[in-house]
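Quantities reported herein were computed from a predicted structural model and do not represent experimental measurements. So that the names make sense, note that chain A is the first sequence line, chain B the second, and so on, each numbered from 1.
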There are 2 protein chains.
Amino acid sequence: MKGKQKAIIEAKANVLKALGHPTRLWMAEQLQHGEKCVCELAEFIDADFSTISKHLSVLKQAGVVTDEKRGKQVYYKLRVPCIIKYMSCVEAVIKAHAEEQTDLL
Amino acid sequence: MKGKQKAIIEAKANVLKALGHPTRLWMAEQLQHGEKCVCELAEFIDADFSTISKHLSVLKQAGVVTDEKRGKQVYYKLRVPCIIKYMSCVEAVIKAHAEEQTDLL
DNA sequence: TGGATATATGGTAAAACGACCAAATGAATT
DNA sequence: AATTCATTTGGTCGTTTTACCATATATCCA
């Protein structure tokens, strides 16, 4: 694989990897209808604030979200909202997979 | 978050995580137009056969691909092809992200 | 200015991951 | 039945991830 192709696929994998954690995926889904501040997200996540902050940082580094500080709070939003629309397809995967496993019983 | 919602989001994150590795993403992309056997994929990957096999196993466990043994060979295919169509959106993310970083210079 | 609030950063330990090697399996060929 | 080919599995080890705690930073309010 050539250098550029390789770089592209690595960048794409990085985006998917960033979304590949339950907490981060949940956060991204919460942002699909608009920005939220950290505290709004944190309200529903049972983890240390520092953990939440680091997850958001991973999403940001991958380019999935952008952040903006306003007053005391930092607001995050999806850079490209389609990233979450895709979830319907991901759901199709797990549904098909689950059905197959159920059929085994 | 309730048990079922939690399980769903974990399964979805698992799918994204499975695709969140350059080698595995590349493999999935190779399968977008139909099945391939392990040896066909391996031909272009510079890694041990056992490594390749384990990557395929991760994709399979996540439900992204299914496998079928025919003769001496094992053929893999995407369970739900849309999983790769989504990549255009992932690309939009990295493009937007890259542009922003370039603007900083 | 001092204190409270919101968020980020550094350190650390446990767990998960990824790559390799060696060995096992399973199907086809001799 | 023995050998070969395609793939998987088990073991090991260095690297990365994740979660927590403690501490820092930045903004607002009194």
Side-chain angles (χ1 to χ4, degrees), chain A residues 1 6 9-28 30-31 34-78, chain B residues 1 6-7 9-31 34-78:
Chain A
M1 187 145 38
K6 194 173 169 226
I9 210 144
E10 278 170 1
K12 287 194 282 187
N14 207 40
V15 169
L16 294 167
K17 186 172 159 190
L19 290 167
H21 183 288
T23 302
R24 291 194 294 264
L25 179 55
W26 182 86
M27 286 168 154
Q30 297 311 301
L31 299 179
E35 65 179 20
K36 291 215 184 311
C37 73
V38 180
C39 55
E40 287 174 297
L41 295 169
E43 193 175 336
F44 299 97
I45 303 174
D46 182 25
D48 198 272
F49 241 85
S50 65
T51 301
I52 292 170
S53 183
K54 273 172 189 170
H55 278 310
L56 285 165
S57 161
V58 170
L59 289 172
K60 184 178 160 188
Q61 293 248 352
V64 177
V65 302
T66 58
D67 64 337
E68 184 186 336
K69 182 157 195 169
R70 289 208 298 280
K72 264 190 287 193
Q73 288 154 35
V74 178
Y75 288 84
Y76 282 85
K77 69 178 172 194
L78 293 180
Chain B
M1 188 145 37
K6 193 171 170 231
I9 209 144
E10 279 171 1
K12 287 194 284 187
N14 208 40
V15 168
L16 294 167
K17 187 173 161 188
L19 290 167
H21 183 287
T23 302
R24 292 195 294 262
L25 180 55
W26 182 87
M27 287 168 153
E29 287 185 349
Q30 297 312 300
L31 298 178
E35 64 179 19
K36 291 215 185 311
C37 72
V38 180
C39 54
E40 287 174 298
L41 295 169
E43 194 174 336
F44 300 97
I45 303 175
D46 182 25
D48 198 272
F49 242 84
S50 64
T51 302
I52 292 169
S53 183
K54 275 172 188 170
H55 278 311
L56 285 165
S57 160
V58 171
L59 288 172
K60 184 179 159 188
Q61 294 246 351
V64 176
V65 302
T66 58
D67 64 338
E68 184 186 336
K69 183 158 195 169
R70 288 207 299 279
K72 266 191 285 194
Q73 287 153 36
V74 178
Y75 289 84
Y76 282 83
K77 69 178 174 195
L78 292 181

(request) Using a heavy-atom cut-off of under 4.0 Å over every strand shown, decide if R24(A) touches base, sugar-phosphate, or nothing. (result) sugar-phosphate
(request) Remember a base hit wins even if backbone is also touched, and classify K17(A) as base, sugar-phosphate or nothing at under 4.0 Å, heavy atoms. (result) sugar-phosphate
(request) Extract, from 5' to 3' on DNA chain C, the first and final nucleotides lying under 4.0 angstrom from some heavy atom of chain B. (result) dC17(C) to dA28(C)
(request) Going 5' to 3' through nucleotides 3-11 of chain D, assign each nucleotide B (protein heavy atom under 4.0 Å from a base atom), S (under 4.0 Å only from sugar-phosphate atoms) or - (no protein heavy atom that close). (result) --BSBBBBB
Going by side chain to side chain donor-acceptor pair (under 3.5 Å), name the residues that satisfy it together with [X], two or more places apart in sequence or in a different chain.
X	answer
Q73(B)	Y75(B)
S50(A)	D48(A)
K60(B)	D67(B)
E29(B)	K12(A)

(request) Begin with the C-alpha distance, continue with both residues' side-chain angles, and end with the deciding distance and a verdict on salt bridge (charged side-chain N to carboxylate O under 4.0 Å, His left out) for E35(A) and R70(A). (result) CA-CA 12 Å; E35(A) 65 179 20; R70(A) 289 208 298 280; 2.5 Å; yes
(request) Taking only the side-chain nitrogens and oxygens of H55(A), find out if one of them lies under 4.0 Å from OP1 or OP2 of dA19(D). (result) yes
Any [X] side-chain heavy atom under 4.5 Å of [Y] side chain:
X	Y	result
K77(A)	L31(A)	no
N14(A)	Q61(A)	no
L59(B)	L19(B)	yes

(message) In whole Å, I'd like the distance from the CG atom of N14(A) to the P atom of dT16(D).
(response) 13 Å
(message) Nearest heavy atom decides the nucleotide; on that basis, is G71(A) or T23(A) closer to the 5' end of DNA chain D?
(response) T23(A)
